[in-house]
Amino acid sequence: MKKQIIWSILCLQQTFFTKFVSMKRAIIIGASSGLGRRIALILLHQGWQVGIAARRLEALEEVRNTCPERVTTARIDVTAADAPERLLELADRMGGMELYFHVSGIGKQNIRLDADIEADTVETNALGFTRMVGAAFNYLATHGGGHIAVISSIAGTKGLGPAPSYSATKAFQSTYIQALEQLANSRRLPISFTDIRPGFVDTPLLAGSRYPMLLDAGKAAREIVRALNSHRHVWIVDWKYRILTFCWRRMPNCVWRRLRLVKTE
Ligand SMILES: NC(=O)c1ccc[n+]([C@@H]2O[C@H](COP(=O)([O-])OP(=O)(O)OC[C@H]3O[C@@H](n4cnc5c(N)ncnc54)[C@H](OP(=O)(O)O)[C@@H]3O)[C@@H](O)[C@H]2O)c1
């Protein structure tokens, strides 16, 4: 309760201040839980106007209640064909968008290769991702530019046996962002890009299984926002995972193919 009151006072102070300074507007897709929700709260604290979207509107409303003056919500399912339209409506309601942050994603270990899990992951992380990031790119291309950030994963830096579609779709996301950055430069568009690649973070995505080197979600979100504010092109969260990925990327493929990352019995 006390925390809520302090937060509301801080929020009112920021709102008052930012009325007289140009207010930056961010849209975060996938802000109903985990990293997206934490990133939204940090950006609010930094004075941003924030548009938050996901499928669970009630969870988004909880975030909105912390600072109703500067939060706009929308129910958007990235797997739905009309999702880009919903995104443009949200940007319209906010009076514009300078930052598009794509956080939405699903992921499961799938060592039995259940076909539904593989297909759902591709639909959300590849197809849904492409339609949303593409819509954001076209919006920024015609509205004076801005910043596109995405959360991919270190899982995209190598093919991981325990989660084939997750690993492959995260590689897709990183490659897609790299391609869009080259495209924006070729077209001389003032759009910058950030590809955030976290290691294992303690969020609902990983609930139910045990993972090594688990990162605290709040700490990871703060590092992500720092990378965002300094316009990093690619950022791996955190330093331990920077060392790990540095090593495994140099591992010969003949060794990588034989690594046993799952116990089969
Ligand atoms: N946790 C980790 O260890 C880790 C590591 C590397 C990368 N990541 C990536 O970080 C991102 C955030 O995940 P998290 O760890 O914070 O997990 P999370 O708490 O499960 O958050 C996932 C978010 O994605 C949204 N989402 C899922 N499907 C959606 C859809 N069809 N349409 C719109 N929104 C959808 C969820 O909202 P609704 O369910 O309300 O729609 C939720 O807000 C994901 O892209 C994940 O792959 C996580």
Side-chain angles (χ1 to χ4, degrees), residues 34-35 102-130 133 148-186 192-203 205-217 219-221 223-224 226-228 230-265:
L35 291 170
H102 193 98
V103 181
S104 294
I106 57 170
K108 278 195 180 128
Q109 294 207 10
N110 192 15
I111 62 168
R112 302 279 164 228
L113 225 54
D114 176 317
D116 288 340
I117 293 178
E118 294 303 86
D120 287 350
T121 309
V122 172
E123 206 179 345
T124 303
N125 295 1
L127 200 55
F129 173 90
T130 308
V133 173
I148 293 178
V150 307
I151 300 196
S152 62
S153 171
I154 60 152
T157 59
K158 277 280 196 188
L160 294 179
S165 59
Y166 184 71
S167 179
T169 54
K170 291 297 174 178
F172 174 94
Q173 295 181 347
S174 293
T175 306
Y176 199 83
I177 285 303
Q178 190 181 47
L180 287 193
E181 184 151 18
Q182 192 188 62
L183 178 65
N185 287 334
S186 312
S192 56
F193 295 83
T194 301
D195 174 9
I196 304 279
R197 302 174 185 175
F200 295 133
V201 187
D202 190 6
T203 69
L205 188 94
L206 299 190
S209 306
R210 290 178 63 180
Y211 292 86
M213 288 168 59
L214 202 58
L215 302 172
D216 173 72
K219 230 169 143 188
E223 185 171 329
I224 289 170
R226 279 198 299 278
L228 196 72
S230 40
H231 284 259
R232 296 276 181 180
H233 293 272
V234 176
W235 190 253
I236 294 171
V237 183
D238 65 351
W239 66 270
K240 296 183 286 300
Y241 285 98
R242 288 198 279 283
I243 295 172
L244 184 75
T245 51
F246 177 87
C247 296
W248 83 22
R249 287 174 117 171
R250 275 149 192 84
M251 195 178 279
N253 274 334
C254 58
V255 178
W256 184 263
R257 282 187 209 113
R258 281 168 178 76
L259 274 188
R260 296 190 66 184
L261 299 181
V262 279
K263 282 194 192 124
T264 44
E265 56 286 324

Item checked: Pair L127-V122, side-chain contact (heavy atoms from CB on, under 4.5 Å): steps then yes or no -> CA-CA 6 Å; L127 200 55; V122 172; 5.7 Å; no

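- Taking CD1 from I117 and CD from Q109, the interatomic distance works out to 10.5 Å, rounded to the nearest 0.5 Å.
- Considering only heavy atoms from C-beta on, Y241 comes within 4.5 Å of L215 through its side chain.
- With W256 contributing its side chain and G159 its backbone, the two residues share a donor-acceptor pair below 3.5 Å.
- Using a 4.0 Å cut-off between charged nitrogen and carboxylate oxygen, E223 and R197 do not count as a salt-bridge pair.
- Between the NZ atom of K219 and the CG atom of D202 there is a distance of 13.0 Å, given to the nearest 0.5 Å.
- Annotation for L228 and A149: closest pair CD1-CB, 3.4 Å, computed over non-hydrogen atoms.
- Of the possible donor and acceptor atoms, none in the side chain of S174 sits under 3.5 Å from a partner among the backbone N and O of A171.
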Notebook entry, point to check: For V133 and Q173, what are the C-alpha separation, side-chain angles and deciding distance, and is it a side-chain contact (heavy atoms from CB on, under 4.5 Å)?
Noted result: CA-CA 10 Å; V133 173; Q173 295 181 347; over 6 Å; no

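- The CG atom of L244 sits 5.0 Å away from the CE atom of M213 when rounded to the nearest 0.5 Å.
- The heavy-atom pair separating I196 from A227 by the smallest distance is CD1-CB, 3.9 Å.
- Between Y211 and F200, the ring planes lie tilted relative to each other; the angle falls in the 30° to 60° range.
- Between W235 and D195, every side-chain heavy-atom pair lies at or beyond the 4.5 Å cut-off.
- The nearest pair of heavy atoms linking P198 to S152 is CD-O, 3.7 Å.
- Side-chain contact between T130 and F172 is present, with heavy atoms from C-beta onward closer than 4.5 Å.
- Remark: the backbone N or O of S165 is paired with a side-chain donor or acceptor of E118 at under 3.5 angstrom.
- Ion pairing of D238 with K240 is present here, as a side-chain N (NZ or NE/NH1/NH2) and a carboxylate O approach within less than 4.0 Å.
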Item checked: Step-by-step side-chain contact (heavy atoms from CB on, under 4.5 Å) determination, I106 to N125 -> CA-CA 7 Å; I106 57 170; N125 295 1; 3.9 Å; yes

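- Residue F193 forms a side-chain contact (heavy atoms from CB on, under 4.5 Å) with just one option from I177, N185, V234, and that option is I177.
- T157 places a side-chain N or O within 3.5 Å of a backbone atom of I154 that can act as its donor or acceptor partner.
- The heavy-atom pair separating G128 from H102 by the smallest distance is O-CE1, 4.3 Å.
- Here the straight-line distance linking atom CG of L160 with atom CH2 of W248 works out to 5.0 Å at 0.5 Å rounding.
- Minimum interatomic distance between V201 and A220 (heavy atoms only, all atoms of both residues): CG1-CB, 3.9 Å.
- What you find for S167 and K158 is that their closest heavy atoms are OG-O, 2.9 Å.
- R250 places a side-chain N or O within 3.5 Å of a backbone atom of F246 that can act as its donor or acceptor partner.
- Counted by atom type alone, T169 and T121 present zero donor-acceptor pairs between their side chains at under 3.5 Å.
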